[in-house]
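This report concerns only the one structure given below.
Being a predicted model, the structure only gives us computed values, none of them experimental.
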Protein chains: 2
Amino acid sequence: MEARPEVSANSRLTVAAHALTWIGLYQRRGHEVATSEQIATSVNTNPVVIRRLLADLRKAGLADSRRGAGAGWMLSRDLAAITLLDVHDAIAAGPIFALHRSTPDPECVVGHGIGPAMAAVYDQIESTLRGELARTTLEDILRDVLKAT
Amino acid sequence: MEARPEVSANSRLTVAAHALTWIGLYQRRGHEVATSEQIATSVNTNPVVIRRLLADLRKAGLADSRRGAGAGWMLSRDLAAITLLDVHDAIAAGPIFALHRSTPDPECVVGHGIGPAMAAVYDQIESTLRGELARTTLEDILRDVLKAT
DNA sequence: GGTGTCGTAACGTTTACGGTTACGACAAGC
DNA sequence: GCTTGTCGTAACCGTAAACGTTACGACACC
């Protein structure tokens with residue numbers, strides 16, 4: 001009966017990591033800023049999609065942009081100081097699992113108690129997930145990327 | 001360019017655990033089978049949704065059904081022998097994170113190497129997730145449910 | 001044979017994201 | 001100051017998945 005987010009980041013984390021890593025490498029090669037056009041070409045998508053995504057990352061303090069001519073994007077921190085958890089939180093990814101869409105029968109023992117019981121499991125999993133994401137920085141990702149060449 | 005599952009089980013795991021736990025408790029109280037109608041009432045959804053879900057669980061060998069008059073659903077194994085991982089696999093939940101929807105520019109260093117780099121992280125996370133889900137059985141869930149009363 | 005339930009197809013609704021177009025805002029350079 | 005290039009955002013469409021509902025055939029007990 002009620003509405004529900006049902007998000008699921010899915011490919012957004014991949015694209016966000018891709019964009020930031022691209023900017024980082026581009027800057028290390030001596031460029032000031034990267035345009036959404038350039039990033040979109042590497043990601044193989046539309047520049048607007050990149051701008052929307054980077055706007056979220058800017059809100060989280062991971063990236064920043066300059067306007068006007070010679071405009072573009074730059075990192076706010078070094079790649080080594082950005083973990084995948086930072087990126088994950090920046091793109092406001094929803095929880096992996098959700099409870100019922102419409103609340104189950106509260107008169108039923110199972111219907112009444114299953115929500116909290118499952119939530120406890122989900123919270124534990126979510127916490128573990130965050131720990132895993134925090135272990136990897138974009139510097140690690142870039143190292144893997146360059147190693148694969 | 002290509003199509004993609006983009007599944008994300010979301011509430012399906014919750015509902016599946018709910019249904020199985022309900023059947024288990026109902027059987028312990030002396031009943032032979034549970035109808036999709038009864039389960040749907042507890043879950044607060046449509047019986048067809050329950051039947052579709054239980055059909056997946058039957059394929060995985062977790063539940064079984066009887067037809068004809070006095071028909072309904074029963075467990076194939078005891079609640080203690082069913083983990084959340086079993087349920088998760090039974091409902092064919094997709095991966096948490098996905099790679100790019102359309103393949104990135106292979107001419108670009110980042111575009112070429114980012115996929116495998118992220119996949120390695122995702123595989124590790126997926127593996128940890130499975131370990132977490134395997135730790136909890138439906139018997140554990142039922143215990144929590146009854147404790148909450 | 002009647003009855004109750006499963007089995008399943010078909011269809012509509014909802015939600016979210018990605019893709020695209022469009023246009024205003026802005027700042028550097030001439 | 002005007003031009004130019006890029007960001008900032010709104011608006012809209014298409015797609016994909018799950019849920020909800022209706023409908024009807026299949027089946028087995030009584």
Side-chain angles (χ1 to χ4, degrees), chain A residues 1-16 18-19 23 31-41 43-59 63-74 91-95 97-102, chain B residues 1-16 19 23 31-41 43-59 63-74 91-95 97-102 104:
Chain A
M1 199 51 79
E2 86 260 38
R4 222 158 222 300
E6 301 283 339
V7 183
S8 108
N10 260 332
S11 71
R12 295 192 72 200
L13 181 60
T14 303
V15 175
H18 186 153
I23 298 172
H31 301 88
E32 285 270 327
V33 298
T35 68
S36 60
E37 172 78 36
Q38 296 172 313
I39 302 168
T41 298
V43 175
N44 190 16
T45 185
N46 193 290
V48 176
V49 175
I50 299 298
R51 275 182 245 157
R52 279 197 288 232
L53 194 56
L54 286 178
D56 284 342
L57 299 173
R58 179 179 48 208
K59 277 185 211 133
D64 206 355
S65 63
R66 252 182 5 208
R67 309 186 64 169
W73 295 85
M74 67 208 82
I91 61 182
F97 302 112
L99 295 182
H100 307 69
R101 316 193 132 211
S102 39
Chain B
M1 198 53 78
E2 86 261 38
R4 223 158 221 298
E6 301 282 339
V7 182
S8 108
N10 260 333
S11 71
R12 294 192 72 200
L13 181 60
T14 302
V15 175
I23 299 172
H31 301 88
E32 285 270 327
V33 297
T35 69
S36 60
E37 172 78 35
Q38 296 172 314
I39 302 168
T41 298
V43 175
N44 190 15
T45 185
N46 193 291
V48 176
V49 174
I50 299 298
R51 276 182 243 155
R52 279 197 288 233
L53 193 57
L54 286 177
D56 284 342
L57 299 173
R58 180 178 48 207
K59 277 184 212 134
D64 207 355
S65 61
R66 251 180 9 206
R67 310 185 65 169
W73 296 84
M74 68 207 82
I91 61 181
F97 301 112
L99 296 182
H100 307 69
R101 318 193 130 208
S102 39

Rounded distance (Å) that lies between atom P of D/dT22 and atom CZ of B/R52: 13 Å
Taking A/Q38's backbone N and O only, do any of them form a donor-acceptor pair with A/T35's side chain (distance below 3.5 Å, no angle check)? yes
Toward the 5' end of DNA chain C, by each residue's nearest nucleotide, B/A55 or A/V15: B/A55
Would you mind reading off the distance between B/I50 atom CD1 and D/dT22 atom C1', rounded to a whole angstrom? 17 Å
Of the nucleotides C/dC6, D/dT21, D/dC19, which has the atom closest to the B/T35 side chain? C/dC6
Using a cut-off of less than 4.0 Å, is there contact between a side-chain N or O of A/S65 and OP1 or OP2 of D/dG8? yes
Can you find an N or O donor on one side and an acceptor on the other, under 3.5 Å apart, linking the side chain of B/R58 with the base of C/dG7? no
Rounded to whole Å, the CG-C1' distance (B/N46 to D/dT22) equals 9 Å
Taking C/dT20, C/dA9, D/dG8 as options, the one with an atom nearest any side-chain atom of A/W73 is D/dG8
Quick one: which of D/dG20, D/dC7, C/dG19 gets closest to the side chain of A/V49? C/dG19
Rounded to whole angstrom units, what separation is found between the CD atom of B/Q38 and the P atom of C/dG4? 14 Å
Given atom CG of B/N10 and atom C1' of C/dC17, what is their separation to the nearest angstrom? 14 Å
Is any side-chain N or O of B/R51 under 3.5 Å from a base N or O of C/dG7, one able to act as donor and the other as acceptor? yes
Considering non-hydrogen atoms only, spot the tightest contact between B/I91 and B/A16 and give its length. CG2-CB, 4.2 Å
Rounded interatomic separation in angstrom, taking NZ from B/K59 and P from C/dG7: 11 Å
Upstream residue (5' side of DNA chain D) when A/G72 and B/A69 are each assigned their closest nucleotide: A/G72
First of B/S36 and A/G70 reached from the 5' end of DNA chain C, by closest nucleotide: B/S36
Round to a whole Å and report the spacing from NE2 of A/H100 to C1' of D/dG20. 16 Å
Taking atom types as they are modelled, would you say the side chain of A/R67 forms a donor-acceptor pair with the base of C/dA27 within the 3.5 Å cutoff? no
Nucleotide D/dC7, atom C1' - distance to CD1 of A/I23 in whole Å: 13 Å
Sugar-phosphate only, base, or nothing, as touched by A/R66 at under 4.0 Å among non-hydrogen atoms: sugar-phosphate
Straight-line distance of A/L53 CG to A/H18 NE2, nearest 0.5 Å: 11.5 Å
Has A/T41 got a side-chain atom pairing as donor or acceptor with A/E37's backbone, closer than 3.5 angstrom? yes
Using side chain to side chain donor-acceptor pair (under 3.5 Å), reason through A/R51 and A/S36 one step at a time and then give a plain yes or no. CA-CA 6 Å; A/R51 275 182 245 157; A/S36 60; 3.3 Å; yes
OP1 or OP2 of C/dG19 versus the side-chain N and O atoms of A/T45: is any pair under 4.0 Å? yes
